[in-house]
Amino acid sequence: MSEPYDPKTIEERWRDFWREKGFFKADIENTDRKFYYLNMFPYPSGKLHAGHGRNYILGDAIVRFLNMRGYNVLNPMGWDAFGLPAENAAIEQGVHPRDWTWRNIEEFKRQFRAWGVEYDWDREIATCEPDYYKWTQWIFLKLYERGLAYRAASDVNYCPHCDTVLANEQVVGGRCERCGSVVERKKLTQWFFKITDYAQRLLDDLEKLPDWPERVKLMQKNWIGRSEGALVTFKSERGDPIEVFTTRPDTLWGATFLVLAPEHPLVEALTAPDRRAEVEEYREQAARQTEVERLSTEREKTGVPIGAYAINPVNGERIPIWIADYVLMGYGTGAIMAVPAHDERDFQFALKYGIPVIPVIAPPGGVRKSYLRKGTTREGLAEALREAGFQVAEEDGDLYVTLAEGDRERYVALVQGYLNPNAWTEVIGAGWEFVFPDAVLNVGSLAEERAVLERCRELEQRVREVRTVAELLWREKFHRDLLFHAEYGEMLNSGPLTGTPGGAAVKRTIQWLEERGIGKHAVTYRLRDWLISRQRYWGAPIPMVHCDRCGVVPVPEEELPVLLPDVPFIEKKGLADIPEFVEAPCPRCGGPARRDTDTMDTFVDSAWYYLRYISPKDDRQAFDPDLVNRWLPVDLYVGGVEHAILHLLYSRFITKALHDMGYLAFDEPFRRLFTQGMITYPAYWCDEHHWIPPGEVAEGSRCPHCGAPLDVQVLAMSKSKKNVVPPDELIEKYGADTERLYTLFMGPPERDIEWSEEGVRGAWRFLSRLWALVTEQIPAIKDIKGAVEPGELDKAGEELWKKLHATIKKVTEEFEGRLGLNTAIAALMELTGIFSDYLNREKRDPRLVREVVRNLILLISPFTPFLAEELWSRLGEGKSVLETPWPQCDERALAAGEVEIPVQINGKVRARLRLPSSVAEDKQALQEAALADPAVAARISGKEVVRVIAVPGKLVSIVVG
RNA sequence: GCCGGGGUGGCGGAAUUGGUAGACGCGCUGGACUCAGGAUCCAGUGGGGAAGUAACCCCCGUGUGGGUUCGAGUCCCACCCCCGGCACCA
């Protein structure tokens, strides 16, 4: 019996081997055949679980492959070590955040070693160390010099639980991304990075990233949120200019009110004395609201008029000014023109508050509708309309008429003859018209709207309390779908531009506005500046000093780093609470001054770390400009999609800023991005006892503590939900190779997949089989010399030999291309199966056996490096696997000798032919061979062959009558 | 609501360019070994039917309904469902 597969012993033998041999150290000076592979560095919190393996095991396999392919691979690792969890843990446990962080780092490193995941540890960095954050501060100073870092008072997101402000990107659905607390809005003076200066380039340059997932690029695009339109200047009656941004300047003539954000600076000056109390109250109430309340959908819009009026510059209409919280101060100019006829929100608002609606854009399709209430016309109208070819529906004596394009004149003429003296009907479509027996009135301006309303009120008791024409029309459900639309269309009621077709409307209007100096073309972005101040201890101090005489003064470069004060860490403490830190002389005048007491957002730390790995110990500069330009951009960057916006957008911004300052030759940091999916696992929730680890769940999915039925959800593995699989246990039971293999085999790396213990056992079985297979062969092939002679192989040998080379091709292509390593492993399993069959035969070619064994070991080594290294050494190869070149595919093996060709008759596979490839590749010969096949011939005999399609090397398709 | 991705056996998934659907693995079924097996090995395994010595043969089948094509998981149109992002962005 052969030696059983014992991963525990084998793996321990090789754990330090690779590191000691220096296989993972990059030759930094030589960039001829360089490859910068980078995994997103982790935040060292607690322990790694199987879910983390998705990222690191994938990376390690790729790096081992690249090494064998002869690349000079730079593959560093470090720690995103500043941040709130360290501080919170420290507060709870009474340890210093630095100690807590380094304990975790040591644990992570132990686990990497156990996994066989190797890095160039000489380049290790930790963002919490002064020799790193010194340069984070340096970058801050550089941005400040360039005007890209500034201090401003603004409404900021504040997390009451984390006791700090948050960037816009860190607020998810109105809640703190980290702790889930409802975010409050506060007016504070804070530091910002001017990322909005780069909005257009961050958007445009996405096109320079063909090897990024489309999904991620799209998310960034949406986040930047570019809108093109116009800035139009309205004036208050007193003459104050009020600038509004609109994407629909073509609807300008339909503006019937103006809305300012409650925080808009002009509100104060414009509010009429008799409106002041109500306006103040509304503003306070809006300010009190949390993001969540303000964002809650389906909430009815509210607002108050401020008692002032504005003049529409295009038609001189006097329109009321309102404030409403659906207008945001942070976007555009914080003021909008409201066009209720062509914007859903404005329409709702206008209807609620009785503000007139004027249609100015024809709806698509040219449909018009008219409604005639019972008793408003003489008898016989319905018949007359039908006779004239109109589409009429009748219900309880009421008539509902739908008009096609071009029917209007005929309809108006006909219906006027039937209308009773005190009645009217509306024709709603491209414009709203009111048909009276003696006149047709159009709703094309505020004055006309009033006139129509007056007349209707006089004629009809029922509508006396109606405030606007729109409200009158809204009462009739038949009209509702035509009262507002947001499509492009021909301009109506728009003075000199009336009749402009929809396709040209926006452009023509902007041109018209520019000619008159009323407005101009403009672009707005949803992206806001990046708020980087954090009121916490565990981060890089902002290197600024506040002096009463000199103002805000940067700390001189040569005085960096501004060190975090080394306080014994016991309680919640910000830098502001530490006088030794705060008090500092002013760098400019030397007088007493105060240090800035905020630390930087940890996303600043991680926005440039990929540059530091190039020269991690350089104490003269953040990075070596020559080397950095030779090694970057990063060739392949692998991490989770959760960073699609935050980290990746910030890194792109910092790279571009440093590029513009002349420090970097490139302006995109990551050439190729790969986002791996998450590993999920059932998470059990008990209302009383919260998350229950899957291992403790009682029979029938019940809580082990109270027996209540548990709520099960398959979620991403995470410590907080207690649904993690610890690698230590897996490695103890099956070995690291098995975990590695299963992690990469479970599915495509970019997809989320549920972890399966059975799947792990499958990987284990395969490795045991492979181990047995190879170890049994070693004595027989150890001393065999000479290469395989394909010509001398028998049929089974040839098949195996071809499979071997097809597998080499497949595995190589997956590593170099789309990283579908699950299919690469499947191919290795297939090869192993065929090899096993071959070994059961009497006749074997020992040279072939040796070639298959050698290549199988090499091909599987990126996935299961321990097993590969062990077998390789037993084979007596001397060198390490990692010193051996990656297998080469023999092109001769790909030219198949015999292939199976399916024959379709009328689209169905009816026969499969085994043909020499010389025949299969020749269209004429292939067709003849197919028609000559007895099974095929039998099927088509007596039928007319209509057509024969022979695709060389693929199939034959015969169509019979 | 808008934008994107995706629906393939009992399960994870494969089919990379319009060309043999279900590779590989899990699970399941049967068998072997065994005192025993939740270990290991061998065989089978999309559904249905015919056949019964067997090779093999027939029908259906990739969310639903249409279409293009000799041929569709793959392309086009409409719809349903799931996941992700954004969400009063003017």
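These numbers come from a predicted model, not from an experiment. Numbers restart at 1 for each chain; the letters A, B, ... are given by sequence-line order, proteins then strands.
V951(A) comes within contact range of at least one nucleobase, with a heavy-atom separation under 4.0 Å. Residue contacts for R528(A): at a heavy-atom cut-off of 4.0 Å it reaches a base atom on one of the strands shown. At the heavy-atom level, I753(A) lies under 4.0 Å from the strands shown only through sugar-phosphate atoms. Within 4.0 Å (heavy atoms only), T823(A) reaches sugar-phosphate atoms of the nucleic acid but no base atom. G332(A) comes within contact range of no nucleotide atom at all, as no heavy-atom separation falls under 4.0 Å.
Set against A21(B), A14(B), C88(B), the side chain of R818(A) has A14(B) as its closest nucleotide. Ranking C70(B), G4(B), A87(B) by closeness to the L218(A) side chain, first place goes to G4(B). Distance from the side chain of F745(A) is smallest to C24(B) among C86(B), U40(B), C24(B). For Q904(A), taking side-chain heavy atoms from C-beta onward, the closest of the listed nucleotides G71(B), G4(B), G25(B) is G71(B). Of the candidates U20(B), C3(B), C70(B), C70(B) carries the atom nearest the I949(A) side chain, counting heavy atoms from C-beta on. Taking every side-chain heavy atom of A826(A) into account, C24(B) is the closest of C70(B), C24(B), A21(B). The side chain of R761(A) has A39(B) as its nearest neighbour among A23(B), G12(B), A39(B). For N822(A), counting side-chain heavy atoms from C-beta on, the closest listed nucleotide (A90(B), A14(B), C58(B)) is A14(B). Taking only side-chain atoms of R526(A), from C-beta outward, the nucleotide of A21(B), C89(B), G19(B) with the closest atom is C89(B). When distances run from any side-chain atom of R765(A) to the nucleotides G19(B), C41(B), C58(B), the shortest one goes to C41(B).
Of the P atoms belonging to A55(B) and G66(B), the separation is 37 Å, rounded to the nearest Å. Using C1' as the reference atom, U8(B) and G73(B) are 7 Å apart when rounded to the nearest Å. For A72(B) and C88(B), the C1' atoms lie 44 Å apart once the distance is rounded to whole Å. Taking the P atom of each, G27(B) and G61(B) are spaced 31 Å apart, rounded to whole Å. For the P atoms, the distance linking G6(B) with U17(B) amounts to 13 Å, nearest Å. Distance check on atom P: C42(B) versus C26(B) gives 11 Å, rounded to whole Å. Spacing between A50(B) and U64(B) at atom C1', rounded to whole Å, works out to 31 Å. Taking atom C1' on both nucleotides, U69(B) is separated from C75(B) by 10 Å, rounded to a whole Å.
Judged by Watson-Crick or G-U wobble contacts below 3.5 Å, the nucleotide C57(B) has G49(B) as its partner. Taking a pair to require two hydrogen-bonding distances under 3.5 Å in either a Watson-Crick or a G-U wobble arrangement, A36(B) remains unpaired. Pair check for C70(B) finds G19(B); Watson-Crick or G-U wobble, both atom distances under 3.5 Å. With both pairing distances under 3.5 Å, G1(B) is matched to C86(B) as a Watson-Crick or G-U wobble pair. Both distances falling under 3.5 Å, in either a Watson-Crick or a G-U wobble arrangement, place A43(B) opposite U29(B).
The distance from atom CZ of R54(A) to atom CD of E750(A), rounded to the nearest 0.5 Å, is 8.0 Å. Atom CE in M717(A) sits 12.0 Å away from atom CE in M678(A) (nearest 0.5 Å). Summarising the geometry, atom OG1 belonging to T743(A) is positioned 12.5 Å from atom CG belonging to N822(A); distances are rounded to the nearest 0.5 Å.
For C88(B), its base sits under 3.5 Å from the side chain of K301(A) at one donor and acceptor pair at least.
Between the side chain of R652(A) and the main chain of L202(A), a donor-acceptor pair closer than 3.5 Å is present. Using modelled atom types, one side-chain atom of Y282(A) and one backbone atom of D325(A) make a donor-acceptor pair closer than 3.5 Å.
Here S227(A) reaches the OP1 or OP2 of A90(B): one of its side-chain N or O atoms lies under 4.0 Å away. Contact between the side-chain N/O atoms of R751(A) and the OP1/OP2 oxygens of C83(B) is not found at any separation under 4.0 Å. Within the structure, a side-chain polar atom (N or O) of R947(A) is placed less than 4.0 Å from OP1 or OP2 of C70(B). Between K908(A) and the phosphate of C60(B), there is a side-chain N or O to OP1/OP2 separation shorter than 4.0 Å. In terms of phosphate contacts, R769(A) brings a side-chain nitrogen or oxygen within less than 4.0 Å of OP1 or OP2 of C41(B).
C88(B) atom P lies 20 Å from atom CZ of R248(A), rounded to whole Å. Rounding to whole angstrom units, NZ of residue K954(A) and C1' of G18(B) are separated by 11 Å. Spacing between atom CD of E642(A) and atom P of C83(B) amounts to 19 Å, rounded to whole angstrom units. As a whole-Å value, the separation of I323(A) CD1 from C88(B) P is 19 Å. Rounded to whole Å, the distance from CE on M329(A) to P on C88(B) is 17 Å. As a whole-Å value, the separation of Q220(A) CD from G85(B) P is 15 Å. One atom, CG of L770(A), and another, P of C41(B), lie 13 Å apart when rounded to the nearest Å. G25(B) atom P lies 15 Å from atom CZ of F863(A), rounded to whole Å.
In summary, of the residues considered (L673(A), L648(A), L206(A), N222(A)), a side-chain contact (heavy atoms from CB on, under 4.5 Å) with K217(A) occurs for L206(A) alone.
Stacking of R248(A) on the aromatic ring of Y488(A) is recorded, both the 6.0 Å distance cut-off and the 45° axial limit being met.
When all heavy atoms of A505(A) and M491(A) are compared, the closest pair comes out as CB-SD, 3.7 Å. L58(A) and L744(A) get closest at one heavy-atom pair: CA-CD2, 3.8 Å.
Base orientation for G66(B): anti, the chi torsion being more than 90° from 0.
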